[in-house]
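Side-chain atoms are counted along with the backbone in the values below, which use heavy atoms only and exclude waters and symmetry mates. Predicted model only: the values in this text are computed from it and were never measured. Here is the naming used below: chain letters follow the sequence lines, and residue numbers restart at 1 for every chain.
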Protein chains: 2
Amino acid sequence: MASRPTISDVAEASRVSISTVSLVMNGKGPVADATRQRVLAAADRLGYAPSRSARGLAARRTGNIGFVLREDHFRQSEPFYTRVFLGAEFEARRRGLYVLLSTVPDPYDPARHAPRFLTEHSVDGVVVAGGVDATLLEQLRARSIPFVLADYAWDDSPTVSADNRSGGRAVADHFVAQGHTRVGYLGADPEHPSPAERRDAYLGAMAEVGHPVPDGWVVTADGPSDRQTGALNAGLLLDRAPRPTAVFCANDALALGLLDAASERGLAIPDDLAVAGFDDVDGAALAKPPLTTVRIHKETLGETALGLLAEGLTGAVEEIPPRTLVPTELVVRASA
Amino acid sequence: MASRPTISDVAEASRVSISTVSLVMNGKGPVADATRQRVLAAADRLGYAPSRSARGLAARRTGNIGFVLREDHFRQSEPFYTRVFLGAEFEARRRGLYVLLSTVPDPYDPARHAPRFLTEHSVDGVVVAGGVDATLLEQLRARSIPFVLADYAWDDSPTVSADNRSGGRAVADHFVAQGHTRVGYLGADPEHPSPAERRDAYLGAMAEVGHPVPDGWVVTADGPSDRQTGALNAGLLLDRAPRPTAVFCANDALALGLLDAASERGLAIPDDLAVAGFDDVDGAALAKPPLTTVRIHKETLGETALGLLAEGLTGAVEEIPPRTLVPTELVVRASA
DNA sequence: CGCTTCGATCAAAGCGCTTCGATTTTCGAC
DNA sequence: GTCGAAAATCGAAGCGCTTTGATCGAAGCG
């Protein structure tokens, strides 16, 4: 069986030099239209695809992008980051790049857990999704590997995140439009910047329309942002007298926990208590009642991050915009 | 800043030729121990890591392994294949290989959805996890790209799967040990070979000990293997009179659905009805009551598949064993 | 003591591509 | 027609590594 065709096979078949074939394959340089067609036709006929190794060697780029994710985020059952990854993969495909997924444990030991591409220089840049140990980010910076964060923020590194503020505001507006004036907030995971933004925008918007949220109705639990934490801390809002008539939760997991707690207490949703979340996870639409929430376009998050990174790689890395927002969208279901 | 060190920097620093450095870095050829040490020390001191592109070009291997997964399997909330992937990644790391994850939609259109590495020759081999469209497998075969299936079977291609038979037998033995003689089976997804193996081993074992399962108590739903299907079809077993005292479900999702249905009917688990599943998903231990099930070591599945593939690549591909089993383990919890 | 053997090392020839500078062609303006 | 500039094409020099065949000593042998 004939071995895989090379650039010179194509050159020969289309009667041009390999330089010209290279120019055509990369869409560079001035090439006569007729020549271009001829080369492309020959390449197609021969089933030619440039060798990534050779290309990488000659052009001193790898064409690979690293995608780093905390291991527990990757294997958690809510496929949030999985979808961010899919978005990145999709965008990478459009740009002819490959994505190398690498998970890092938490806590992270830089000596033992460093992703291989860090030492092996096998990527041109890295997308970091979600919170990771700062040591890793410092390592990236120290080796001057360009990176973009998705759904996280660190120092003044370029970041892509959901538009948490407008999402928080949208929930407040919705509550007000439904006639609520006495509303609360349930949050968790104080370390992550996103919940804080959601909270501040929400509280700010309520205050603006003359219904400030009293401190007692703002609960930020000290645990992870999950359903159990939500259920556990719900009491701090539900067992109070007076009780808020609507609660905004920093994310859907907490909101689902709050629904559990409300159901245990025999509260009718949304009549006794309106509940809104954030993220629009798969389970939100299946909840009883279906959860009103702010949708984050997870794939778009990944797409955008990878796109910015790729753009930055072909130009001045310093020019990656420091902060990019992906729009959010209020999805009104039965819970509020 | 000095650019990245190359093999000749190491050669110079350790006063040998680059050939020798190459031999050392690859652990090949006869090299004096003193020389080896000297080279390794120099490499370490300079922070040298071989360029993958150069290596790939010269050795005409890429050092990449493709990992193919159906998109819906990847983004489903139960992280089964995610963990298979992690296992593969882990093994790849040990062997100095990279894994390129590629999802394919279902249905699969070979013209539009073919993973890029298929045409770009950017992998040395492929691990296919779970069921995928046969067209893809045919494409792989046609291009003579070696591949290993994980948790699936097709034609006579090399396969790694959980030891479904001994798992099914273990459940039967456990039921019998608990004194059950009138037992049932609930399955779904008739296309996948694994459930069938579990069922056959289970039914066979029950028959052997003199308690054959009547046809009426063997239900195989025509839908996907998920919780809803389980709950929906549970009635076929639970509303029968007489009713079995124990039911083995082809996987945990179905078992959880069966638990839902049992709880709706007010049946006490395990006193009125004992239930066992298969897989040991994350939710199994959290179910009410915690689910007795057969554990599949998902990471081992991926590790094994990648390992076999890698071995095959360095030798005769034809010699990959056609069928490899990963042990399963009965985990007894409260439901049976 | 000369000759073979074998272990250790090396020089050089690529692998398939990009890219730079050089060369050839084309074409409008005169 | 002729000339110069711009457009199109090309040759050749690497990119950093692997691998083959050759070289070179030192040890073993009769």
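- Between B/K28 atom NZ and D/dC17 atom C1' there is a gap of 11 Å when expressed in whole angstrom units.
- Following rounding to the nearest Å, B/D9 (CG) and D/dC17 (C1') show an atom-to-atom distance of 13 Å.
- Checked for salt-bridge contact, A/E89 and A/R83 miss the test: no charged N lies under 4.0 Å from a carboxylate O.
- Side-chain N/O atoms of A/S17 and base N/O atoms of D/dG11 include no donor-acceptor pair closer than 3.5 Å.
- Across B/A88 and B/V99, no two heavy atoms sit closer than the pair O-CG2, 4.3 Å.
- Between A/D33 atom CG and D/dT9 atom P the separation is 10 Å, expressed in whole Å.
- The two residues A/F85 and B/F74 come nearest to each other via the heavy atoms CD2-CE2, 3.7 Å.
- Less than 6.0 angstrom separates the ring centroid of A/H192 from the ring centroid of A/Y152.
- Within 4.0 Å (heavy atoms only), B/S51 reaches sugar-phosphate atoms of the nucleic acid but no base atom.
- Shown here, D/dC29 forms a base pair with C/dG2; the pair counts as Watson-Crick or G-U wobble because both key distances fall under 3.5 Å.
- Heavy atoms of B/P50 sit under 4.0 angstrom from primed sugar atoms or phosphate atoms, though from no base atom.
- Between A/S53 and B/R15, the one whose closest nucleotide on DNA chain C sits nearer the 5' end is B/R15.
- With the nearest nucleotide of DNA chain C identified for both B/A59 and B/P30, B/P30 has the one nearer the 5' end.
- Using a 4.0 Å cutoff to heavy atoms of chain A, the contacted part of DNA chain C runs 5' to 3' from C/dG16 to C/dT19.
- If you take CG of A/L57 and P of D/dT18, they are 12 Å apart, rounded to a whole angstrom.
- Rounded to an integer number of Å, the gap from CG of A/L23 to C1' of D/dA8 is 10 Å.
- Contact annotation for A/T35: backbone-only contact, meaning every heavy-atom pair under 4.0 Å involves sugar-phosphate atoms and none involves a base.
- Nucleic acid contact for A/T6: sugar-phosphate only, since backbone atoms but no base atoms lie under 4.0 Å from a heavy atom of the residue.
- The minimum heavy-atom distance between A/G130 and A/Y81, with the atom names listed, is CA-OH, 3.3 Å.
- Proximity of A/S19 to the phosphate of D/dT9: no side-chain N or O atom is located under 4.0 Å from OP1 or OP2.
- Closest to the side chain of A/A58, out of D/dC17, D/dG14, D/dA8, is D/dG14.
- With respect to the salt-bridge test (charged N to carboxylate O, under 4.0 angstrom), the residues B/E138 and B/R141 do not qualify.
- Figure legend. D/dG1 is base-paired to C/dC30; pairs are counted as Watson-Crick or G-U wobble with both atom distances under 3.5 Å.
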Could you walk me through whether A/S122 and A/N64 pass the side chain to side chain donor-acceptor pair (under 3.5 Å) check?
CA-CA 7 Å; A/S122 39; A/N64 294 153; 5.8 Å; no
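- Atom CZ of A/R36 and atom C1' of D/dA7 are 13 Å apart (whole Å).
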